[in-house]
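Just so we're clear, the structure is a prediction, and the values are computed from it rather than from any experiment. Basis for what follows: all heavy atoms, side chains included, without hydrogens, waters or symmetry-related copies.
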Amino acid sequence: MPKTLNSSQLGQAKIIFEQLVALKRKTLLYPHQHPELQDGLKRLVETLSPLLDDIGDLTYAMHDDDLFIESELLIRESVTYSAFIRECESMDVGAITVRSGVKEGEIEALVDGLCTDRQTLENEGGMTEHLKNKNVYNIIISIASGSSEQVKDEEETKESKEVYNSAVTAVKDIMKSAKLGHGVSVQKVEKIVGGLSDALFTDKMNLLGLTVIKSYDETTFYHSVNTCILCLSLGNNLSLEKDKLSVLGAAALLHDIGKVNVPKELTTKPLPLTPEEFEMMKRHPVEGAEILSQMPGIHKLSMIVAYEHHCGYDLSGYPKLKNKERPHLFSRIVQVADSYEAGTSIRPFKGSKLPDQVLAEMIRHSGRAFDPVIMKAFVQTLSIYPVGSVVMLDSGEVAVVFETNPDDLARPKIKIAIDDTGKRLPPAEQEIIEMSATTEPGGPYKMSIMQVLDPWEMGIDVVQFF
């Protein structure tokens, strides 16, 4: 029966899964005795052993593209490690249970099996027989049951996650193709934007909630999808017609395509860029427009937005525009969404900021860096407490903002994450609470927000609430 892990144990279990995925990747790159591979294997066991000593055994289950640690559904990790999860499912590996006492050799045998092609594994009798033949006794492979205890009931949430996941995967393919000089599939771009638009207008809050998903290693892919979602939501709030929204969405999705020519070590550098490195980074708008100009069927506004999205409302940014008062409307929209998304991302070279802090800073630059009309609409779209914010209530409870309230930006809809006793509550079981509710007609509000908290410091994965 699945056990319940505390926040510390769950955090360790997530790290272990990340190490397992990394170890599989290294196994495909290096020979078995390579120091890089052996060090990774040693670190994984060193992280795993204390946790197993504490809880006895640990189960990772994969069901219908979802990842579970015991009974806990991990939406963020389900998206981030979707390729690994699908590979496991294709091998009929529905669940991996690791027992206390597991040895390095057993983990190595598991990873070796995960790296074996499907036909060879089938010839061996499957993963279970593969491990049995290698005398592995502390790792159990099974098919995920898909019990009601593990499968989320909200189908709309699942559909939003699938649309988001597909968009990230498609953007990876588009960027890879562009880097190789093979062009960009207009049909693929249109399909991504259409899927995100449909999901946004049928399940807006769940899709907006997923924009808090980030990836250190694949920043550009997630950033592009998140910026597209924010632009579609903002464009709808600006009453753009459907055909114009599609053009805007495509431009937002492709705005950073020039970064395919920027070295990865530069985009993930842990220190501020040198003047020379910044000059190199500043080339990506020009190169992005150049890449798109050579792609048949790409709307010219995608090229314009790629070129102008760092110019600034007052043209003080880069590259410098001549004979023009302002960047195009779509460039100004994408700049706002792009800046917010980048500002709330956790980057190796920059500390993260809370959403309300990023919005406040952007508002201060309204009229200079940002179009004041678009900035106002963006605040109305996200509210002063954007979806996904973690807030402290005057009741002592900690909550996650689930939905904005256009009638009162200070009183969004929320879900309680930690009660007033400090107990953490299961995200899937929490009801949506209207903060606009009063104790009696015309009376005081039942609850109010006292401050915004850092979800990472609180140990809250806000994606779980959507």
Treating [X] as the side-chain partner and [Y] as the backbone partner, does any N or O pair qualify as donor plus acceptor under 3.5 Å?
X	Y	answer
Gln464	Leu73	yes
Ser233	Ile229	no
Gln335	Ala369	yes
Ser383	Val379	no
His365	Met362	no
Ser302	Ile298	no
Lys415	Val400	no
His130	Gly126	no
Glu457	Leu453	no
Thr344	Glu341	yes

[X] and [Y]: side-chain donor and acceptor closer than 3.5 Å?
X	Y	value
Thr97	Thr59	yes
Tyr164	Asn226	yes
Asp419	Thr421	yes
Asp117	Thr120	yes

Handout entry: Centroid-centroid under 6.0 Å between His255 and His223 rings
Key = yes

Practice task
Check ring-ring contact (aromatic ring centres under 6.0 Å, His included) between Phe84 and all other residues, then give those that pass, not counting sequence neighbours.
Solution key: Phe17

Exercise for the section: Flag this pair as yes if the NZ/CZ of Lys282 is under 6.0 angstrom from the six-membered ring centre of Tyr318 and inside a 45 degree cone about the axis; otherwise no. Expected result: yes

Exercise for the section: Report yes or no: is the cationic atom of Lys413 (NZ for Lys, CZ for Arg) under 6.0 Å from the centre of the six-membered ring of Phe402, at an angle within 45° of the ring normal? Expected result: no

Contact check, side chains of [X] and [Y], non-hydrogen atoms, under 4.5 Å:
X	Y	value
Asp338	Asp256	yes
Glu87	Lys24	yes
Leu37	Thr27	yes
Val171	Tyr222	no
Leu196	Leu232	yes
Leu393	Ile449	yes
Thr169	Phe221	no
Ile107	Leu41	yes

Measure the [atom1]-[atom2] distance between [X] and [Y] for me, rounded to the nearest 0.5 Å.
X	Y	atom1	atom2	answer
Thr381	Leu230	OG1	CG	9.0 Å
Glu397	Ile433	CD	CD1	6.5 Å
Asp92	Leu121	CG	CG	9.0 Å

Using the side-chain contact (heavy atoms from CB on, under 4.5 Å) criterion, which residues pair with [X]? Sequence neighbours excluded.
X	answer
Asn133	Glu129
Ala306	Leu292
Ser90	Arg118
Gln294	Glu290

Practice task
Quick one: which residue pairs count as a side chain to side chain donor-acceptor pair (under 3.5 Å) with a foot in residues 181-193, not counting sequence neighbours?
Solution key: none

Problem - Qualifying side chain to side chain donor-acceptor pair (under 3.5 Å) pairs with a residue from residues 36-50, counting only residues at least two apart or across chains - result: Gln19-Thr47, Lys26-Glu36

Handout entry: Any residue meeting salt bridge (Lys or Arg N to Asp or Glu O under 4.0 Å) with Glu287, in chain and number order, not counting sequence neighbours
Key = Arg283

Handout entry: Asp57: salt bridge (Lys or Arg N to Asp or Glu O under 4.0 Å) partners, not counting sequence neighbours
Key = Lys3

Handout entry: Set of side chain to side chain donor-acceptor pair (under 3.5 Å) partners for Asn138, sequence neighbours left out
Key = Glu106

What are the two closest non-hydrogen atoms of [X] and [Y], and how far apart are they?
X	Y	result
Ile291	Gly258	CD1-CA, 4.3 Å
Leu10	Leu5	N-CB, 4.0 Å
Gly195	Val163	O-CG1, 3.5 Å
Leu52	Val98	CD2-O, 3.5 Å
Ala109	Lys134	CB-CD, 3.6 Å
Leu354	Asp454	CD2-CA, 3.5 Å

Practice task
Let me see the working for Tyr385 and Leu409 under side-chain contact (heavy atoms from CB on, under 4.5 Å), right down to the final yes or no.
Solution key: CA-CA 7 Å; Tyr385 300 113; Leu409 299 183; over 6 Å; no

Exercise for the section: Could you please spell out the steps behind the side-chain contact (heavy atoms from CB on, under 4.5 Å) verdict for Ser78 and Met62? Expected result: CA-CA 9 Å; Ser78 295; Met62 282 73 68; over 6 Å; no

Handout entry: CD/Gln451: more than 12 non-hydrogen atoms of other groups inside 6.0 Å
Key = yes

Fill in the blank from the handout: Exactly one candidate in Ile416, Val398, Ile418 meets side chain to side chain contact (heavy atoms under 4.5 Å, CB included) with Leu425; the answer is Ile416

Problem - Leu110/Ile141 under side-chain contact (heavy atoms from CB on, under 4.5 Å): CA gap, chis, key distance, verdict - result: CA-CA 10 Å; Leu110 170 65; Ile141 302 297; 4.2 Å; yes

Practice task
Would you mind listing every ring-ring contact (aromatic ring centres under 6.0 Å, His included) that reaches into residues 32-53, with sequence neighbours excluded?
Solution key: Tyr30-His34

Exercise for the section: Can you run down the salt bridge (Lys or Arg N to Asp or Glu O under 4.0 Å) pairs that involve residues 9-19, sequence neighbours left out, and say none if there aren't any? Expected result: Lys14-Asp461

Exercise for the section: Evaluate the criterion side-chain contact (heavy atoms from CB on, under 4.5 Å) for residue pair Ile69 and Glu77; output intermediate values, then yes/no. Expected result: CA-CA 10 Å; Ile69 294 180; Glu77 286 75 12; over 6 Å; no

Exercise for the section: For the pair Ser82 and Asn165, evaluate side chain to side chain donor-acceptor pair (under 3.5 Å) and give the outcome as yes or no after the intermediate values. Expected result: CA-CA 8 Å; Ser82 58; Asn165 189 15; 3.2 Å; yes

